[in-house]
Amino acid sequence: MTFLRVENLKVYYPVRGGFFRRVIDHVKAVDDITLDLQPGETYGLVGESGCGKTTTGRTIIGLNKATAGKIIFNDIDLTRLKRRQFHKYRKDIQMIFQDPYSSLNPKKRVIDIIAEPIRNFEKLSPKEERRKVQDLMEKVGLSPDSIFKYPHEFSGGQRQRIGIARALTVNPKIIIADEPVSALDVSVQAQVLNFMKDIQKEYNLTYLFISHDLGIVRHMSDRIGIMYKGRLVEEGTKENIFNQPKHIYTKRLLAAIPDVNPEKRDEHLLMRKEVNEEFERNYEKYFDAEGKIFDLKKISDTHSVALP
Amino acid sequence: MGKPLLQINNLKTSFRIGDEFYAAVDDVSLTVNENEVVAIVGESGCGKSALALSIMGLHHELNTKLEGEILFQNKNLLSLSTNELNNIRGKDMGMIFQDPLTALNPLMRIGDQIEETMKNHYNLSKEEMKKRTLELLNKVGIPNPERTYMQYPHELSGGMRQRVVIAIAIACEPKLLIADEPTTALDVTIQAQILDLMRELQNQMKTGIILITHDLGVVAEMADRVAVMYAGEIVEIADVFTLFNNPLHPYTRSLFNSVPSAADGDRLHVIQGIVPSLKKLPRTGCRFSERIPWIKKEAHEENPKLREVEKNHWVRCTCYQHFDFPKDAEDLHYDIS
Amino acid sequence: MAAPAVNGNDKEIKFEKSPSGWSIIFRELMKDKLALFSLILFFAIVIYVFVYSMNIGPDQIDRIDLKNKYSPPNSIHWLGTDYGGRDVFNQLIVGARNSLTIAIAITLITSAIGITLGLIAGYFGGLVDNIIMRIIDFILTLPTLMIIIVFVTLVPKFNVLNFILIMSAFYWVGKARLIRSKTLAERELEYVAASKTLGTPNRKIMLFQVLPNLSSIIIVNMTLNLAGNIGIETGLSYLGFGLPEGTPSLGTLISYSRNPVVMEEKIWVWLPAALLILVMMLCINFVGQALKRAADARQRLG
Amino acid sequence: MLKFIVRRLLIMIPQLLLLSIIIFLLAKAMPGDALTGQMVANPNLDPETMEELREKLGLNDPWHEQYIRWIGNLLQGDFGISYVHNVKISDLLGNRMANTFLLGLLTLIFAYLIAIPLGIIAGRYPDSWMDKLIVGYNFVSYAIPLFVFALLMLFLFGYTLNWFPTGGSVDVQVERGTWDWYLSKLHHLILPSISAALLSTVGTIQYLRSEIIDTKLKDFVKTAKAKGTPERKVYTRHIFRNSLLPVAAFLGYDIVFILGGSIFIEQIFNYPGLGQLFVSSISQRDFSVVNILVMLFGFLSILGTLLSDIILSIVDPRIRID
């Protein structure tokens, strides 16, 4: 049984142009990617802006429409489901959003925000509902007494935890975390990341952790997929990716992360230069004639690279 | 290291909120030498950007109060008139901004925006100016200068825009560059390119750079000397190797521990509480004390000053001698309020 | 806001309940002395007009008294009489009532249409949006005023209801466009995406998530619209294409000034109506602008 | 750029077509037709002759055939005949069109002369006493209905102070084409155009003020200052320039607004223009003229919006052409 499998997923957007604004081309935001999530693991999806990582996440949860491909959850292809049928699976896949400010409705009190999914999926009396919301607030480390406050009365980190509490109300199995900490200060990042690890253990959650920050992804993930131009260029365990990167883009990305050790900065610079030169020199080795990325090939049990 | 280029003495920058002024930069003293990169690190709200704006004189005149002195080329920038300041800005001092999209005038061609700097300070013919602009574009690594010269900012990618912003800043070969989070808005690979470019230019031009950032990695890559700021004050200052090998102030150490790195374990260190807002900044005693409540009161100084604890390594407050991370941090329950 | 009722018996008392958005706006409004004064003055006028007009029968307005043509203000006719010797004050009151009622009706109808279509177009986008926007764009390019006048003269058995419907048919577009653009912006915010992932149906997201965030804009817009509609109605009545004959309007009173003699020498006929319009418009606008500032201030908080 | 304009023009065609169909159908619903005028002129015409004439003129054809004929004539510049005055509509329009055009032009000029400096001052020195005055003026001009304001202006400057004439477009005694004639025309124009202009400034002032205040805080202004650009030039080259350019695009919308207002203005100041013609025609049930006027105003409105869109795309390089 597959837990969650994204199979040959494509998300294309039409580009209109010419005199009559006909569709002349497609932006291939996600161009044929396949990935598997195992129960309880954290899968880190990394790439630079515009690489399609966010679109992938949003398509899995149903915010974007897949152009082609399957999203198989517990042996059911979610892309085939009608909206009604999909509703059943909504609970199982939840999302943590990037911006703790815009992801909470500023006109709603915390209780209404956290109780929103409860009201959609369960019938609870107001009293039970409030009890449940208070429990959740306590769980995410916020005062249960502040459920009648508005989001703007909380700090960024606190708001992000309200967002997590909301996702947790329906006991999801998978959480898609789209850049959950990139809007936060370093010290607040740490608090949210720790918290995410805690609840993962407690609820046996599976994370699809989407981020541009390799350091954070390394800290959080068991397995990592690197995306570039809508495709996966490399996938493997955290050790595979960080210790034996095979694709030139992965190397380039790794070389670009500033090294926190000032003594190695010259070494690092040199390494970066070499990788960049290799990127120029051996371009054909990694990209086909049209500049497209090859399909992933397994090179070990855990490690796949997009090589011809 | 060369001679002192910029000397900030007891700078205090206060912003007006309502009818009161609140100091965002409080009693900061800092020296930048020629050909030296000084990084200023801290989280948002620590006053690092306010410091940059104060040096460049880009603060809002009515809502800001500046005290202390900023000595640059034997002149106190704070006592100069706008006209006198304009003779220095762009010529001897350049600035690189965080978001290259908003830092460029959307309705002006790239060429015109770069030439504006030269127009302000040199008396050059049109052809001469264009020639120099094209050279500059080439120097900052723009592949097709002739074309970019005629383009508008929205036609360029983020990395290219930031190169243009750098070209503007170095158009008159300033002695001091102030870079305010120059790579925060950029992707990692682009960030690396921009940092490499800045380092290359710095080697060529021997400029002094004040690099403002929240990213310790960027600091490690770029800086010669580092000042760590918290709540408007410099809490620690040392050369980059000393600071990274032997951080002393509790805030510096906390900051290092909260960033994920290859070596760390499962949990990151969480600094308790939140960065206080400008209005609520503690103004007396050790400003970091409320975020390390397990450290006894006696460990803090009553009126903490920066002290030289080893050669060229300055730390504020004595609490660093007694500081240690709590053993089993229950970081979830740090802010039930 | 759908917060469960707090029954003040047990421990619930300790909940920290923050003021809702409306109470903040209300507080801001109270601080603005001029706006508060305007609000009170406007309501005073409205109440006076509606209460007083209940005492005026149709015969009192239409009673022609040729002996008293253009009589200047006196103790019987507070504001004098018009060319038919009819009491101007009575006409002023009834006219004001009519103008206000009609403006309110138009505001409500156009708001209902505009908000519904604007929300739908902005929220769903795509084809629906395209169709609605085409219609809106087309109506916006029409010479609205002229077409309304043509309709007014064409409609058989023209009456007040017809007038309201004709006006409403054209004046919902601006509002629909405003609501659409705000909805478009709102839709991009992550809380809408969050609601979707939490299983909230679109209808509910539109009504209970997006709409509350537009409420202050809608209220401000409706207030300013009310003023605008009074202006348009009285203007049309001034031209002679507004309310049907026999239904007094402030505009009709003012239109007597088309006669230069009335304009120059019998100013009591038209000037009070003009001034009353001025005062009402200023009052409503003061309140509207204060609401806008208050809403902006609230926006800054949130 | 050219592509954009051509596309925009193409979009105009269905708009105009729809407008003309609506107007034509409205006209069919209106009482009276091309023969009404003849009937007035010659009341002895018997019904059979009338019917014959109707048949001959094609008035009994299906509506779409009549429509095509009508639109064909329109395109050839044949506007038809006024039912009431029994003259060619084009003759009726000629002079009035010029009058309305002049009034509109002067209104526009006054409006910009008032709005731009005020907007700049208010944006440059927000919260100063000048700004407060300007904001106050803006508020009042937004709140007052045009016809009430125009009327009060007429009452004050026309009747009470006698500074300006209270009606007409020129003194009848003055000989056409002389210096005095032009002066008299101007004299007649000033009060109506200033009245209209004073109420047409709201959008521009408000936009300029808030845009300037916003632009001042933009990063690129900081960049300009960091270059050492003198304060004055920062304002002219960056802030004012960026804020003013979009104002150019208001032109089209302003034209539409002023056209709409001309109905009131011309009626109040008794100014012989198209707006007044419209009101009098509709009062006299002269629907053939009404028709043409609605069509004309509709056409101008569409043209105005088009103008604004084109100007904006020229002024702002960020608006992508395709």
Side-chain angles (χ1 to χ4, degrees), chain B residues 49 52-53 55-62 81-110 112-122 150-155 161 164-165 168-169 171-172 174 177-178 180 185, chain D residues 1 4 120-132 207-208 211-250 310-322:
Chain B
S49 284
L53 294 182
I55 300 170
M56 286 302 280
L58 294 177
H59 51 274
H60 193 285
E61 298 118 31
L62 299 174
S81 69
T82 315
N83 273 343
E84 291 168 309
L85 195 59
N86 278 335
N87 290 331
I88 299 173
R89 288 197 289 211
K91 184 158 168 282
D92 301 315
M93 251 177 6
M95 180 142 181
I96 302 170
F97 293 88
Q98 172 171 354
D99 185 350
L101 179 59
T102 57
L104 295 172
N105 187 336
L107 302 184
M108 226 169 157
R109 293 182 195 279
I110 299 295
D112 294 337
Q113 302 202 39
I114 298 176
E115 284 176 1
E116 192 179 9
T117 318
M118 296 180 216
K119 261 188 215 155
N120 289 335
H121 302 288
Y122 301 140
M150 293 303 288
Q151 277 175 316
Y152 287 98
H154 72 271
E155 297 172 89
R161 280 185 211 131
V164 172
V165 171
I168 290 174
C172 297
L177 264 181
I178 297 168
D180 187 2
Chain D
M1 177 59 60
F4 171 80
I120 287 180
I121 292 170
R124 175 81 171 82
Y125 309 103
D127 292 323
S128 64
W129 62 267
M130 276 190 296
D131 173 50
K132 282 184 181 136
Y207 178 85
L208 261 182
E211 192 67 14
I212 290 174
I213 292 175
D214 284 354
T215 309
K216 267 197 264 189
L217 300 174
K218 293 251 168 82
D219 277 353
F220 68 81
V221 171
K222 290 201 182 105
T223 308
K225 286 182 183 168
K227 291 173 187 172
T229 312
E231 186 88 354
R232 191 176 46 77
K233 279 197 176 160
V234 171
Y235 270 98
T236 52
R237 204 180 300 166
H238 293 276
I239 300 174
F240 294 156
R241 186 168 167 272
N242 282 40
S243 313
L244 268 171
L245 283 177
V247 168
F250 290 1
I310 292 176
I311 294 177
L312 196 65
S313 73
I314 294 172
V315 159
D316 193 335
R318 280 168 301 180
I319 291 176
R320 297 302 296 152
I321 303 310
D322 44 38

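Just so we're on the same page: letters track the sequence lines, and every chain starts at 1. Only heavy atoms go into these numbers, but all of them, side chains included; no hydrogens, no water, no symmetry mates. Predicted model only: the values in this text are computed from it and were never measured.
What you find for Ala226(D) and Met56(B) is that their closest heavy atoms are CB-CE, 3.5 Å. Here the closest non-hydrogen pair linking Ile168(B) and Lys227(D) is CG2-CE, 3.4 Å.
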**Report entry** Evaluation steps, side-chain contact (heavy atoms from CB on, under 4.5 Å), between His238(D) and Met108(B)
**Finding:** CA-CA 9 Å; His238(D) 293 276; Met108(B) 226 169 157; 3.5 Å; yes
Report task. List the steps and the verdict of side-chain contact (heavy atoms from CB on, under 4.5 Å) for Val165(B) and Thr223(D). Result -> CA-CA 9 Å; Val165(B) 171; Thr223(D) 308; 5.7 Å; no
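More than 12 heavy atoms of other residues, nucleotides or ligands sit less than 6.0 Å from atom OH of Tyr122(B).
Judged by distance alone, the side chain of Lys225(D) and the main-chain N or O of Gly57(B) form no donor-acceptor pair under 3.5 Å.
Contacts between Gln113(B) and chain D at a heavy-atom distance below 4.5 Å involve backbone atoms as well as side-chain atoms. For Asn86(B), the parts lying near chain D are the backbone and the side chain together; criterion is any non-hydrogen pair under 4.5 Å. Neither the backbone nor the side chain of Val221(D) comes within less than 4.5 Å of any heavy atom in chain B. Heavy atoms of Met93(B) lying under 4.5 Å from chain D belong exclusively to its backbone. With a threshold of 4.5 angstrom between heavy atoms, Leu58(B) approaches chain D through its backbone and through its side chain. Contact of Leu53(B) with chain D is made through the side chain alone, with heavy-atom distances under 4.5 Å.
Heavy-atom neighbours of chain B within the stretch residues 213-220 of chain D, taken at a separation under 4.5 angstrom, comprise Asp219(D), Phe220(D). Along residues 229-237 of chain D, the residues that come nearer than 4.5 angstrom to chain B, judged on non-hydrogen atoms, are Thr229(D), Pro230(D), Glu231(D), Arg237(D) in order of number.
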